[in-house]
**Student:** 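Sharing a structure with you now.
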2 protein chains.
Amino acid sequence: MASRSMTQAAFFVLTALADQPRHGYGILREVEELSDGAVQLRVGTLYGVLDRLTADGLIVLDREEVHEGRLRRYYRLTPEGMQALGTEAERMAAGASAAKERIAAGRRAPGAVAKPSAGPGFAGGVA
Amino acid sequence: MASRSMTQAAFFVLTALADQPRHGYGILREVEELSDGAVQLRVGTLYGVLDRLTADGLIVLDREEVHEGRLRRYYRLTPEGMQALGTEAERMAAGASAAKERIAAGRRAPGAVAKPSAGPGFAGGVA
DNA sequence: CGCTATATATCGGAAGCCGAGATATCATGG
DNA sequence: CCATGATATCTCGGCTTCCGATATATAGCG
């Protein structure tokens, strides 16, 4: 079952493959680039994720190429993978929105952060 | 070190605590509610996350109450926790956006999904 | 009295992450 | 000619994290 939420690593692999088929090493670079360096997918993580996504039917081996003597194994999204990515993107966007709203609300009416509970005066705290 | 990206579970716990202090069981219900049932934080996961977040200084024990004979242990965000949540929310929003853009781009110009590569006829295969 | 809801917490197996290393080609630099 | 680094694959083992199951306890419903 792929209805359960996926891991962060799986999400970014699917995102990297969403526009075009890519090979392992290319996915690594693409994830780093599309997240502006914020997300660093590790080599040791990649192949496990690739195997799991394949087993779940979200990606498939597209083709194998030899580029300058080096083997490249390209993967691509399946329709299920595309749909799963959409669902997860929706879920993440909603989560991010909820968090941002609450942070903004907390700035307007402090109390969630700052001192233990009741305590007049001094509204500082978050820089 | 809390500079590394946090787990999904940790993110939703922080989000649940962003507007007001809550106790464990309340966090469980709040996460389910704010995600519209899409995210189900498990009891077995919760206390480990709470311990880790406390150790990382992102949350602290706010107070303990006894409500109808039952103990309630309330946690609240620290300024660091609030900031970490903001950073992670930003990262998630960016990731979700990137995924959505690629999905939309793929719909305009198919090829990422569908058949292996060049190859007319027969588009079946994956159900 | 059993069931459900509320509320805490622990344990252990399973799943996932990731540093490190193995293997191989090609280009660059010394 | 060899070292180094980038490209490219993959495996292994330890650590972290997840989560189902279990334990304990109170209150309310049927």
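None of the values given here were measured: they were computed from a predicted structure. Per chain, numbering begins at 1; letters A, B, ... match sequence-line order.
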**Student:** Phosphate oxygens OP1/OP2 of D:dC18: is one of them under 4.0 Å from a side-chain N or O of B:Thr45?
**Tutor:** no
**Student:** Distance check needed: C:dA5 P versus B:Glu32 CD, whole Å only.
**Tutor:** 12 Å
**Student:** Of the nucleotides D:dC18, D:dT9, C:dC17, which one has an atom closest to the side chain of B:Thr7?
**Tutor:** D:dC18
**Student:** Taking the side chain as every heavy atom from C-beta outward, state whether B:Arg76 and B:Val60 have any atom pair closer than 4.5 Å.
**Tutor:**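 Yes; the side chains approach each other to less than 4.5 Å.
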**Student:** Starting at the 5' end of DNA chain D and moving along, which residue's nearest nucleotide shows up first, A:Leu71 or A:Gly48?
**Tutor:** A:Leu71
**Student:** Taking the side chain as every heavy atom from C-beta outward, state whether A:Ser35 and B:Arg91 have any pair of such atoms under 4.5 Å apart.
**Tutor:**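 Heavy-atom side-chain distance check fails, nothing below 4.5 Å.
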**Student:** Rounded to the nearest Å, what distance is computed from the CG atom of residue A:Asp56 to the P atom of nucleotide C:dA15?
**Tutor:** 12 Å
**Student:** Does the side chain of A:Phe12 come within less than 4.5 Å of A:Leu34's, by heavy atoms?
**Tutor:** yes
**Student:** Please report, rounded to the nearest Å, how far the P atom of C:dT8 is from the CZ atom of B:Arg42.
**Tutor:**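 That distance rounds to 18 Å.
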**Student:** Could you tell me how far apart B:Asp51 (CG) and D:dT16 (P) are, to the nearest whole angstrom?
**Tutor:** 14 Å
**Student:** Give a yes or no on whether B:Glu65 atom CD has more than 12 heavy-atom contacts from other residues, nucleotides or ligands under 6.0 Å away.
**Tutor:**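 Yes - once you tally the heavy atoms of other residues, nucleotides and ligands closer than 6.0 Å, there are more than 12.
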**Student:** More 5' along DNA chain C: A:Glu68 or A:Ala10, using each one's nearest nucleotide?
**Tutor:** A:Ala10
**Student:** Using side-chain heavy atoms (C-beta onward) and a distance below 4.5 Å, is A:Ile27 in contact with A:Leu50?
**Tutor:**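 A:Ile27 reaches A:Leu50 side chain to side chain.
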**Student:** Strictly below 4.0 Å: does A:Tyr47 bring a side-chain N or O up to OP1 or OP2 of D:dT11?
**Tutor:** no
**Student:** From CG of A:Leu41 over to C1' of D:dA8, roughly how many Å is that when rounded to an integer?
**Tutor:** 15 Å
**Student:** When you compare the protein's N or O atoms with those of nucleotides 5-7 of chain D, which come within less than 3.5 Å of each other, and at what distance?
**Tutor:**
from, atom 1, to, atom 2, distance (Å)
D:dT7, OP2, A:Tyr25, OH, 3.3

**Student:** Enumerate the residue pairs fulfilling side chain to side chain donor-acceptor pair (under 3.5 Å) with a member in residues 96-105 of chain B, sequence neighbours excluded, ordered by first and then second residue.
**Tutor:**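 Passing the test, one end in residues 96-105 of chain B: A:Asp19-B:Arg102, A:Glu30-B:Arg102, A:Glu90-B:Lys100.
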**Student:** Have a look at A:Gly69 and say if it touches a base, only the backbone sugar-phosphate, or nothing, with a 4.0 Å heavy-atom cut-off.
**Tutor:** sugar-phosphate
**Student:** Does a nitrogen or oxygen in the side chain of A:Arg52 sit under 4.0 Å from OP1 or OP2 of C:dG16?
**Tutor:** yes
**Student:** Categorize A:Val43 for me: base, sugar-phosphate, or nothing, with a 4.0 angstrom heavy-atom threshold over every strand shown.
**Tutor:**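 Base contact - A:Val43 has a heavy atom under 4.0 Å of at least one base atom.
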**Student:** Between C:dT8, D:dC19, C:dC17, which one does the side chain of B:Arg73 approach most closely?
**Tutor:** C:dT8
**Student:** Could you check how far OH of B:Tyr74 sits from C1' of C:dT6, rounded to whole Å?
**Tutor:** 12 Å
**Student:** Report the distance from atom CD of B:Gln8 to atom C1' of D:dC19, rounded to the nearest whole Å.
**Tutor:** 16 Å
**Student:** To the nearest Å, give me how far apart CE (B:Met6) and C1' (C:dC17) are.
**Tutor:** 17 Å
**Student:** Listed by chain and number, what are the side chain to side chain contact (heavy atoms under 4.5 Å, CB included) partners of A:Thr45, not counting sequence neighbours?
**Tutor:** A:Ala9, A:Leu41, A:Arg42, A:Val49
